[in-house]
There are 2 protein chains.
Amino acid sequence: MRVLIIHGVVKMPLDDRKKRILFAVVTDYIMTAEPIGSRTIAKKYNMGISSATIRNEMADLEEMGYLEQPHTSAGRIPSDKGYRFYVDTILQNFMKEDLSPPPRVREEVIAEFDEIVKKYAKILADITHHATVAKMPKLNPDKIKRLQLIPVASNKMIMVVITDTGIVKNYLLNLCQSVDRNVFEFLNNLLNDKIAGKSEKAIFNFLEKELKDTLGDMAFMADELIKTILLSLKQLQETDVYTDGTLHILDFPEYKDLNKAKNFLSLLDNKSLLNEVLEPVDDFVDVKIGRENRFEEMRELSVIKTTYKINDRVVGTIGIIGPTRMDYRRLISELTLMTRELSNLLSSIYNDEI
Amino acid sequence: MRVLIIHGVVKMPLDDRKKRILFAVVTDYIMTAEPIGSRTIAKKYNMGISSATIRNEMADLEEMGYLEQPHTSAGRIPSDKGYRFYVDTILQNFMKEDLSPPPRVREEVIAEFDEIVKKYAKILADITHHATVAKMPKLNPDKIKRLQLIPVASNKMIMVVITDTGIVKNYLLNLCQSVDRNVFEFLNNLLNDKIAGKSEKAIFNFLEKELKDTLGDMAFMADELIKTILLSLKQLQETDVYTDGTLHILDFPEYKDLNKAKNFLSLLDNKSLLNEVLEPVDDFVDVKIGRENRFEEMRELSVIKTTYKINDRVVGTIGIIGPTRMDYRRLISELTLMTRELSNLLSSIYNDEI
DNA sequence: TATTAGCACTCTCATTCATTGAGTGCTAAT
DNA sequence: ATTAGCACTCAATGAATGAGAGTGCTAATA
């Protein structure tokens, strides 16, 4: 445990009574969104001490940075540091608890990877009444499992790219000449030989040097093929961010101010920022409170996030985002449960055979 | 022209002076969002008549239903009927104008159909500062162009469904037994023979009666195939609605009230309602003002929409949605221009050869 | 020494009230 | 038919006010 030494006096950061008062402030503020005063604490959370004593303790807590006062004659509210203390305590308790999930009945699914993740993000938003964010996997080129060209007209074909997590992307190719149908098998074999499962470097090498020669009298389609394959590589490495339940934030009293609401909603529209926010963590669950977030725009927001996996391999992140005043205990619990289920489901579908 | 007969007196609905006053009110209100009074009109739009005369005319216009008064001592604002008159006049003028579009440089595109439409909806939202809505095509089963099964593991395969507009859907199939790779050609030929381009009835017939027999010793995969094909048929007939620029509405003074804003945003989240709202029209451009919309929730909203096409075949709808106070003239113009471009682009990519 | 009661003080919030200003309808004059 | 003039209406604004909740400090108490 960290110890503060001030003026030569060894001082434990928080004695038990301070801790209880801090918790009372945090939990009450989470519920009511109103600053809470010494008298209220004394009455509501019967502590067995008078409001005056609590007043003194609160002054201490404020000095230590755990509490803040919106203005002189208001009650106190938790600071980021206060929430942090609260969350750390909660997380410790979570760790101790038995985390084996009540396994739910698995539903029948035929859906794309993204659809499944989106569905879970939606459910999570529904049950938590918060905005949720999900990040879809980013893939390495060597995760390409198969490439398939499908003819759709004499001078058009569709290229389907399949990755090891079953993600499918497709691209329409317009060719300047017609292609005979029976060359497709040759092309498909060629592409799968040279690209599927190969490293980015090997793929580039093949595209630059070998492809044109190998194609022989079909060299006219080389450019279109190269362009499309490069595009697909680029797109596979783009991560997709999905949000749901964004309108829930309008129910929070902190966003009765339209401008604040607008800023938050804009932020939730900013996919590239969310993408960074959702960088995977290897912790059990990661909580960033207020200014702990790297972005200035998020100084009044908290993010609870965790990763979802396929057979213990991290493939994406899912999170909850809201004002710093949030019910961390409940949300952490809901998030971890949903994520565990999602991971189970994905693992059972996209098992390592694919 | 329609004529009102009241108490035996033949009365033209709007003489020229009334028309000019009505237009002044509409255009001013569109800009300022403030009720406008007789004196302001007299000064700002120098009509050559006094405010008192305008006052009398406005009283008439109100009686006729073209104007409304928010409260006794406020100015007037246009009613739905007033906007309707304004819009009809505008549309007449639009019809007369030369509508040949200034053809822009066509950019290089490799993207899916949906992506292109979304991109145009986004641009439209950006330039109009309004929420835009786009409806993607709904497809008939007989528009399936190709079905392709792609093996990805011994007991897994992906089914790719391609329609005549290049829409690609894909489904992962989990089989209970392994399938030898060289049966795929047989399966692909079978499916394309029996399903691609066929009517819904013929497809059902094939799935129910022929499939199992034809498969022979691969009958074990029949159920999975049937399930997947039926799902894809269902999904192809689902229309997709996409929205963009929804946050622009928070800039309108009518949505400074958080509850109104929330209702509007929720409505824009309601895909199935938007889907109905965007039912295609065969008009040049369709404007629904306030209560002209079939939905009670939209009584204070207007929708401007039109269809986009591939070679004169309607494939989807794109629209602008906002408060009844909107700049109809400008928005109609922007919408029609963008839509014409979109149609051109789509026609050039998905020409009838596909 | 730690706690508590008591009190003066601060600050927000809701309410009230008067004022202002834009707009109207009506009437009488042009 | 048009306009000037006037009394009237109503929403919006801002100042004044009081209530209420909370604090910090001091002195009394266990």
Side-chain angles (χ1 to χ4, degrees), chain A residues 9 11-12 14-22 24-25 28-29 31-79 82 253-254 256-257, chain B residues 9 11-12 14-22 24-26 28-29 31-64 66-79 82 253-254 256-257:
Chain A
V9 182
K11 220 174 162 188
M12 295 303 274
L14 282 186
D15 64 31
D16 192 61
R17 197 168 66 184
K18 283 199 175 52
K19 216 183 274 187
R20 274 170 50 223
I21 291 173
L22 176 56
V25 174
D28 203 83
Y29 186 64
M31 298 308 295
T32 64
E34 296 291 337
I36 175 169
S38 51
R39 219 168 139 249
T40 319
I41 293 187
K43 265 190 299 184
K44 208 160 155 187
Y45 296 83
N46 48 318
M47 295 259 165
I49 49 180
S50 78
S51 67
T53 313
I54 294 175
R55 214 144 48 231
N56 290 329
E57 294 284 45
M58 285 170 94
D60 289 354
L61 283 167
E62 181 170 4
E63 205 182 339
M64 294 184 206
Y66 291 100
L67 294 180
E68 293 174 348
Q69 227 175 346
H71 56 262
T72 325
S73 75
R76 303 300 206 298
I77 62 174
S79 67
E254 21 276 275
K256 66 183 192 310
D257 174 3
Chain B
V9 181
K11 221 177 162 185
M12 295 302 272
L14 282 185
D15 64 30
D16 193 61
R17 195 168 67 182
K18 282 197 175 54
K19 216 184 273 188
R20 274 170 48 224
I21 292 174
L22 176 56
V25 174
V26 174
D28 203 83
Y29 186 64
M31 299 306 295
T32 64
E34 296 290 337
I36 177 170
S38 52
R39 222 172 135 240
T40 319
I41 292 187
K43 265 191 298 184
K44 207 160 157 187
Y45 297 82
N46 46 318
M47 296 257 164
I49 49 181
S50 79
S51 67
T53 313
I54 294 175
R55 216 145 45 230
N56 290 330
E57 294 285 42
M58 283 170 96
D60 289 354
L61 282 166
E62 182 171 2
E63 205 182 339
M64 296 184 203
Y66 291 100
L67 294 179
E68 294 174 349
Q69 226 174 349
H71 55 262
T72 325
S73 74
R76 303 299 206 298
I77 62 174
S79 66
E254 22 274 278
K256 67 183 191 310
D257 175 4

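Every chain is numbered from 1, with letters handed out A, B, ... down the list of sequences.
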[X]: partners by salt bridge (Lys or Arg N to Asp or Glu O under 4.0 Å), with sequence neighbours left out:
{"X": "B:E254", "answer": "B:R325"}
{"X": "B:D60", "answer": "B:K18"}
{"X": "A:K256", "answer": "none"}
{"X": "A:R17", "answer": "A:E57"}

Whole angstrom is fine here: how far is it from [atom1] in [X] over to [atom2] in [N]?
{"X": "A:E57", "N": "C:dT4", "atom1": "CD", "atom2": "P", "answer": "11 Å"}
{"X": "A:E68", "N": "D:dG22", "atom1": "CD", "atom2": "C1'", "answer": "17 Å"}
{"X": "A:I21", "N": "C:dT3", "atom1": "CD1", "atom2": "P", "answer": "10 Å"}
{"X": "A:I49", "N": "C:dT1", "atom1": "CD1", "atom2": "C1'", "answer": "16 Å"}
{"X": "B:I54", "N": "D:dA4", "atom1": "CD1", "atom2": "P", "answer": "12 Å"}

Exercise. Listed by chain and number, what are the side-chain contact (heavy atoms from CB on, under 4.5 Å) partners of A:S50, not counting sequence neighbours?
Worked result: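 Only A:A52, A:T53 meet the side-chain contact (heavy atoms from CB on, under 4.5 Å) criterion with A:S50.
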Listing, residues 32-39 of chain A side-chain donor-acceptor contacts under 3.5 Å, not counting sequence neighbours, or none:
residue : atom : partner : partner atom : Å
A:T32   : OG1  : A:D28   : O            : 3.0
A:T32   : OG1  : A:E34   : N            : 3.2
A:S38   : OG   : A:R55   : NH1          : 3.4

Exercise. When you check every protein heavy atom under 4.0 Å of nucleotides 18-30 of chain C, what one-letter string (B, S, -) results, 5' to 3'?
Worked result: -----SBB-----
Exercise. Atom CG of A:L61 and atom CG of A:N56: how far apart are they, to the nearest 0.5 Å?
Worked result: 11.0 Å
Table please: side-chain donor-acceptor pairs of residues 71-79 of chain B below 3.5 Å, with sequence neighbours left out.
residue : atom : partner : partner atom : Å
B:R76   : NE   : B:E62   : OE1          : 2.7
B:R76   : NH2  : B:E62   : OE1          : 2.9
B:S79   : OG   : B:G65   : O            : 2.5
B:S79   : OG   : B:Y66   : O            : 3.2
B:S79   : OG   : B:K81   : N            : 3.2
B:S79   : OG   : B:G82   : N            : 3.1

Problem set entry | Canonical and wobble pairing (Watson-Crick, G-U, under 3.5 Å) of DNA chain C, dot-bracket with | | ||||||||||||||||||||||||||||||
